[in-house]
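Please read the structure below before turning to the comments.
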Amino acid sequence: MVTQSREGQLVETFVTLADTLVVGYDVVDLLQTLVERCALLFGASAVGIILVAGRGEFEVVASTNERTRLVEILQLRAGAGPCVECVTTGAAVAIPDLDLVAPKWPVFRAGALEQGFLSMHAVPMHLRATTIGSLNLFWDRFGGLGAEDLRTVQALADTATIGILQERAIRESDIARAQLQHALSSRVVIEQAKGVIAFMHDVDMSEAFTMLRSHARSHSLPLVEVAAAVVDRTLRL
């Protein structure tokens, strides 16, 4: 079997993100695809996305594993950390050695090191002057992203942002907020469904999400619709 080149994987990722420039795509699945492709393309140990909710709160909406989710939640609860700063300033934040950020973000540093992360890079998800969130990559090694890879990651984040805020589907700012709020609300239902599946099948949360997403894709159903059915017990995987 021929292994696809990194360049081929990158092109495929951009094509997948570009496919969101149509009405009716699944926002949550788009963001999950983005974090999974970034982990593969840039050798990240974990990748996650936070978005700004309707009232200005930050929420974790996609992650490759629970390690990322825990670190991002720690930042949101503390109201401080590189991912939060990335969103509020609209600028990328690079930390090649997480052990050196103790004075600035002690809660984040402790949580990241506890999860085994040694470096990270956060890039803003923005369109012109509007920043809606951040794409956050973590590594179990020192260093992070080089300049060329940083440009590529930023391009991927920008493409996903355009997909979310596409002009054909979103004409007014209140519609944009509703679209983001839908993604955040959907994630709550998905997290509940992951818990149900994990309990019923005695698997971890990552495996539970894989089962949930596989069922949605194999039956061509929206992820949140399948999650809701699992939660209200009308569907058992």
Is the backbone of [Y] close enough, under 3.5 Å, to the side chain of [X] for a donor and an acceptor to pair up by distance?
{"X": "Asn65", "Y": "Thr68", "value": "yes"}
{"X": "Ser186", "Y": "Val224", "value": "no"}
{"X": "His201", "Y": "Ile197", "value": "no"}
{"X": "Glu85", "Y": "Ala80", "value": "no"}
{"X": "Arg187", "Y": "Val61", "value": "yes"}
{"X": "Glu59", "Y": "Val52", "value": "no"}

Rounded to the nearest 0.5 Å, how far does [atom2] of [Y] lie from [atom1] of [X]?
{"X": "Asp158", "Y": "Arg128", "atom1": "CG", "atom2": "CZ", "result": "11.0 Å"}
{"X": "Lys194", "Y": "Leu212", "atom1": "NZ", "atom2": "CG", "result": "9.0 Å"}
{"X": "Leu156", "Y": "Leu41", "atom1": "CG", "atom2": "CG", "result": "7.0 Å"}
{"X": "Ser134", "Y": "Gln75", "atom1": "OG", "atom2": "CD", "result": "8.0 Å"}
{"X": "Ile50", "Y": "Leu135", "atom1": "CD1", "atom2": "CG", "result": "10.5 Å"}
{"X": "Asp29", "Y": "Leu34", "atom1": "CG", "atom2": "CG", "result": "11.5 Å"}

Show, in sequence, the C-alpha distance, side-chain angles and deciding distance for Leu51 and Leu31, and conclude whether the side-chain contact (heavy atoms from CB on, under 4.5 Å) test is met.
CA-CA 10 Å; Leu51 289 183; Leu31 299 179; 3.9 Å; yes
Establish whether [X] and [Y] are linked, either directly or via other cluster members, by ILVMFWY side-chain heavy-atom contacts under 4.5 Å.
{"X": "Leu221", "Y": "Ile190", "result": "yes"}
{"X": "Phe209", "Y": "Val189", "result": "no"}
{"X": "Val123", "Y": "Ile132", "result": "yes"}
{"X": "Met200", "Y": "Leu237", "result": "yes"}
{"X": "Val47", "Y": "Val28", "result": "no"}

What is the minimum heavy-atom distance between [X] and [Y], and which atoms define it?
{"X": "Cys83", "Y": "Ala122", "value": "CA-CB, 4.3 Å"}
{"X": "Asp140", "Y": "Ser45", "value": "N-OG, 2.9 Å"}
{"X": "Gln32", "Y": "Val35", "value": "O-CG2, 3.1 Å"}
{"X": "Cys86", "Y": "Ala92", "value": "SG-CA, 4.4 Å"}
{"X": "Ala157", "Y": "Pro124", "value": "CB-O, 3.9 Å"}
{"X": "Ala208", "Y": "Val203", "value": "N-CG2, 3.9 Å"}

Apply salt bridge (Lys or Arg N to Asp or Glu O under 4.0 Å) to Arg69 and Glu72, showing your working.
CA-CA 5 Å; Arg69 182 174 173 77; Glu72 291 180 332; over 6 Å; no
I want to check something: taking the side chain as every heavy atom from C-beta on, are [X] and [Y] in contact at a cut-off of under 4.5 Å?
{"X": "Asp99", "Y": "Arg109", "result": "yes"}
{"X": "Val226", "Y": "His219", "result": "no"}
{"X": "Met211", "Y": "His215", "result": "no"}
{"X": "Leu70", "Y": "Gln115", "result": "yes"}
{"X": "Phe117", "Y": "Ile95", "result": "no"}
{"X": "Ser119", "Y": "Trp139", "result": "yes"}

Donor-acceptor contacts under 3.5 Å from residues 141-151 side chains, at least two apart:
| residue | atom | partner | partner atom | Å |
| --- | --- | --- | --- | --- |
| Asp149 | OD1 | Arg6 | NH2 | 3.1 |

Chi angles and distances behind the side-chain contact (heavy atoms from CB on, under 4.5 Å) call for Val71, Phe108
CA-CA 7 Å; Val71 174; Phe108 163 75; 3.6 Å; yes
For Leu223 and Arg213, what are the C-alpha separation, side-chain angles and deciding distance, and is it a side-chain contact (heavy atoms from CB on, under 4.5 Å)?
CA-CA 6 Å; Leu223 189 59; Arg213 194 178 184 207; 4.1 Å; yes
Take Ser206 and Asp204 through the test side-chain hydrogen bond (donor to acceptor under 3.5 Å, both in side chains) and record every step on the way to the result.
CA-CA 6 Å; Ser206 295; Asp204 62 27; 4.6 Å; no
Should we count CD of Glu114 as having more than 12 external heavy atoms under 6.0 Å?
no
Report the C-alpha distance between Leu235 and Glu225 in whole Å, list the side-chain angles of each, state the deciding distance to 0.1 Å, and finish with yes or no for side-chain contact (heavy atoms from CB on, under 4.5 Å).
CA-CA 10 Å; Leu235 172 65; Glu225 182 178 311; over 6 Å; no
